[in-house]
Amino acid sequence: MRNLIFFLLMLFSLNLIFSGEIIAQEKPNSILSVMKKRNNLVAFWDFGDTTGKPIGGTAKNIKLLPFKKPKYSNEGPISGRSISLDGKSDYWYIQHDKSSGLDIKTNAVTVIAWVKWSGETGFVAGKWNESENGGKRQYGLFVSLPHYNGASKVCGHISKNGGATPPFPYSIDYSASPQKVETNIWTCIAFTYDGKYIKSYWNGEYKSSEPELINNTKGFLTNQPNGLTQVKNPYYYLDGMGNNGSDFTVGGVQLKKGMGNFFKGEIGGIAVFNSALTQAEILKISNTANIK
């Protein structure tokens with residue numbers, strides 16, 4: 001009888017290993033365990049395997065696919081591996097009709113990622129199609145958006161209608177962290193939206209910013225002829241988040257000329273929640289990863 005039980009247990013363990021599910025069995029106080037204690041985890045990738053399926057979250061059947069042959073690096077703060085992106089043509093995606101719960105319907109979202117950034121403007125993760133049918137923007141995490149004062153900063157973008165922000169030619173509705181993202185060093189970046197404010201986080205830390213004159217807004221507003229003055233963190237945005245039909249992409253977005261805003265560097269993990277995590281929760285998650 002003991003031998004039979006042992007044999008069955010061995011078969012079960014082998015099945016887990018070969019199916020890749022053993023990766024999702026978290027240890028106490030592991031980052032996956034910490035993630036699952038937060039509210040409303042939709043998907044979490046640590047790129048420790050090649051299946052493209054998230055290792056945690058409610059959206060279990062989605063699969064993140066590389067546009068070309070995937071490139072991995074044997075370093076990363078979570079699984080010890082990361083995806084490498086060349087900043088020219090590499091990106092990953094989930095088609096809209098297969099993206100399941102990543103179409104956030106709660107009007108609240110959190111996106112967290114661990115990146116080793118090269119220094120060029122780059123899209124990290126989200127649903128952010130800038131061209132099709134006038135734009136299908138929903139939510140997106142960027143590093144460095146210099147046009148409206150986000151250069152080298154953590155930027156969290158939200159859109160209601162998917163298009164540009166009138167009267168400006170581009171979408172201006174994003175938060176930008178006062179802290180700048182250093183190049184070629186692992187950093188945890190994140191943003192939240194709670195239906196009222198977009199907030200950007202750097203290594204789990206949130207800092208508010210003062211009102212500032214926004215670049216490239218001069219001449220668009222008759223009541224502010226010298227340009228628009230805004231607070232970038234938190235960014236006040238009551239319009240809400242649209243469900244506009246965009247693919248979920250990592251490392252690039254759809255522009256009028258094709259895919260662009262490519263991220264150059266490594267991405268070692270991505271998590272999406274359909275709620276706005278608190279500052280304490282984001283700091284806990286950031287501190288659990290092995291960033292030296």
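Numbering starts at 1 and runs along the sequence shown.
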Are any non-hydrogen side-chain atoms of W114 and I31 less than 4.5 angstrom apart? yes
For side-chain contact (heavy atoms from CB on, under 4.5 Å), just list the numbers for T288 and M35, CA-CA rounded to whole Å, side-chain angles, deciding distance to a tenth of an Å, and then say yes or no. CA-CA 10 Å; T288 306; M35 287 275 196; over 6 Å; no
I'd like to know if the side chain of N203 reaches the main chain of C188, judged simply by a donor and an acceptor atom lying under 3.5 Å from each other, with no hydrogens or angles considered. yes
Residues 221-229, side-chain donor-acceptor partners within the protein, below 3.5 Å, at least two apart:
residue: Q224; atom: OE1; partner: T229; partner atom: N; Å: 3.4

Taking every heavy atom of P169 against every heavy atom of A164, the minimum-distance pair comes out as O-CB, 3.4 Å
May I ask you to check whether N274 and T106 show a side-chain donor-acceptor distance below 3.5 Å? no
Going only through I, L, V, M, F, W and Y residues with side-chain contacts under 4.5 Å, is there a path from Y201 to L141? no
To the nearest 0.5 Å, what is the distance between CG on D239 and CG on D173? 7.0 Å
In short, A276 meets T192 closest at the heavy-atom pair CB-CB, 4.2 Å
Mind checking the CD1-NZ spacing from I94 to K63? Nearest 0.5 Å is all I need. 10.5 Å
Quick check: does any side chain N or O of N133 sit under 3.5 Å from a backbone N or O of G135, one acting as donor and the other as acceptor? no
Please check this pair: side chain of T110 against backbone of F273, looking for a donor-acceptor N/O pair closer than 3.5 Å. no
Trace of the side-chain hydrogen bond (donor to acceptor under 3.5 Å, both in side chains) decision for S82 with K116: CA-CA 10 Å; S82 58; K116 192 174 183 182; over 6 Å; no
Does any non-hydrogen side-chain atom of D247 lie less than 4.5 Å from one of N129? no
May I ask you to say whether E130 pairs ionically with R137, meaning some side-chain N is under 4.0 Å from a carboxylate O? yes
For S100 and I62, indicate whether the former's side chain and the latter's backbone hold a donor-acceptor pair under 3.5 Å. no
Step-by-step side-chain contact (heavy atoms from CB on, under 4.5 Å) determination, Y235 to I172: CA-CA 10 Å; Y235 185 89; I172 197 173; 3.9 Å; yes
Looking at N61, I want to see if its CG is surrounded by more than 12 non-hydrogen atoms of other residues, nucleotides or ligands under 6.0 Å. no
Checking the side chain of S99 only, and the main-chain atoms of F248 only, is there a donor and an acceptor separated by less than 3.5 Å? no
ring-ring contact (aromatic ring centres under 6.0 Å, His included) against F168, all qualifying residues, sequence neighbours excluded: F220
Side chain of S73, backbone of S84: donor and acceptor closer than 3.5 Å? no
Could you check whether any side-chain heavy atom of E205 comes within less than 4.5 Å of a side-chain heavy atom of Q179, counting everything from C-beta outward? yes
For F262, enumerate each residue passing the side-chain contact (heavy atoms from CB on, under 4.5 Å) test, keeping only those at least two apart in sequence or located in another chain. Y91, M259
If the plane angle is over 60° it's perpendicular, under 30° parallel, otherwise tilted; pick one for Y197 and Y236. tilted
Beyond-backbone contact of I214 with E212, side-chain heavy atoms, under 4.5 angstrom: yes
Dump the intermediate steps for side-chain contact (heavy atoms from CB on, under 4.5 Å) on I270 and F47, then the final yes or no. CA-CA 9 Å; I270 298 168; F47 303 111; 4.0 Å; yes
Any idea which heavy atoms bring S209 and P178 closest together, and the distance? CB-CG, 4.0 Å
Just by distance, do the side chain of Q138 and the backbone of G245 share a donor-acceptor pair under 3.5 Å? yes
Over all atoms of both residues, closest heavy-atom pair of N149 and Y174: N-OH, 3.7 Å
Using a 3.5 Å distance criterion without hydrogens, assess whether the side chain of T121 forms a donor-acceptor pair with backbone atoms of S144. yes
ring-ring contact (aromatic ring centres under 6.0 Å, His included) assessment of F123 paired with F263: CA-CA 6 Å; F123 179 76; F263 181 91; 9.6 Å; no
Are the side chains of H96 and D103 in contact, using a 4.5 Å heavy-atom criterion? yes
Which atoms form the tightest heavy-atom contact between M241 and I158, and what is the distance? SD-CD1, 3.9 Å
Say you draw a straight line from CD of Q230 to CG of L213; how long is it, rounded to the nearest 0.5 Å? 10.0 Å
Treating Ile, Leu, Val, Met, Phe, Trp and Tyr as nodes and any side-chain heavy-atom pair under 4.5 angstrom as an edge, say whether Y237 and I104 lie in one connected cluster. yes
Quick check: does any side chain N or O of E266 sit under 3.5 Å from a backbone N or O of E75, one acting as donor and the other as acceptor? no
Is there a path of hydrophobic side-chain contacts, each under 4.5 Å between heavy atoms, that joins F191 and I267? yes
NZ-CD distance between K199 and Q279, expressed to the nearest 0.5 angstrom: 7.5 Å
Closest heavy-atom pair, A289 versus I78, reported as atoms and distance to 0.1 Å, is CB-CG1, 4.4 Å
Would you check if there is a donor-acceptor pair between the side chains of N216 and Y148 at a distance under 3.5 Å? no
Would one find more than 12 heavy atoms of other residues, nucleotides or ligands at under 6.0 Å from atom NZ of K68? yes
I need the K264 NZ to D90 CG distance, nearest 0.5 Å. 11.0 Å
Following the transitive rule for hydrophobic clusters with a side-chain heavy-atom cut-off under 4.5 Å over Ile, Leu, Val, Met, Phe, Trp and Tyr, establish whether L85 and L255 coincide in one cluster. yes
Mind checking whether T187 and W202 have side chains closer than 4.5 Å, heavy atoms only? yes
So do T278 and Y206 actually touch side chain to side chain, heavy atoms under 4.5 Å? no
For the atom pair CG (L238) and NZ (K160), what is the distance rounded to the nearest 0.5 Å? 12.0 Å
Report yes or no: does K180 contribute a side-chain atom to a donor-acceptor pair with the main-chain N or O of S152 at less than 3.5 Å? no
Is I83 linked to I112 within one hydrophobic cluster, defined over Ile, Leu, Val, Met, Phe, Trp and Tyr using a side-chain heavy-atom separation of less than 4.5 Å? no
Does the pair L64 and Y93 meet the rule for a side-chain contact (heavy atoms from CB on, under 4.5 Å), with working shown? CA-CA 6 Å; L64 189 60; Y93 70 98; 5.6 Å; no
Under 3.5 Å, is there a donor on one side chain and an acceptor on the other for S200 and K153? no
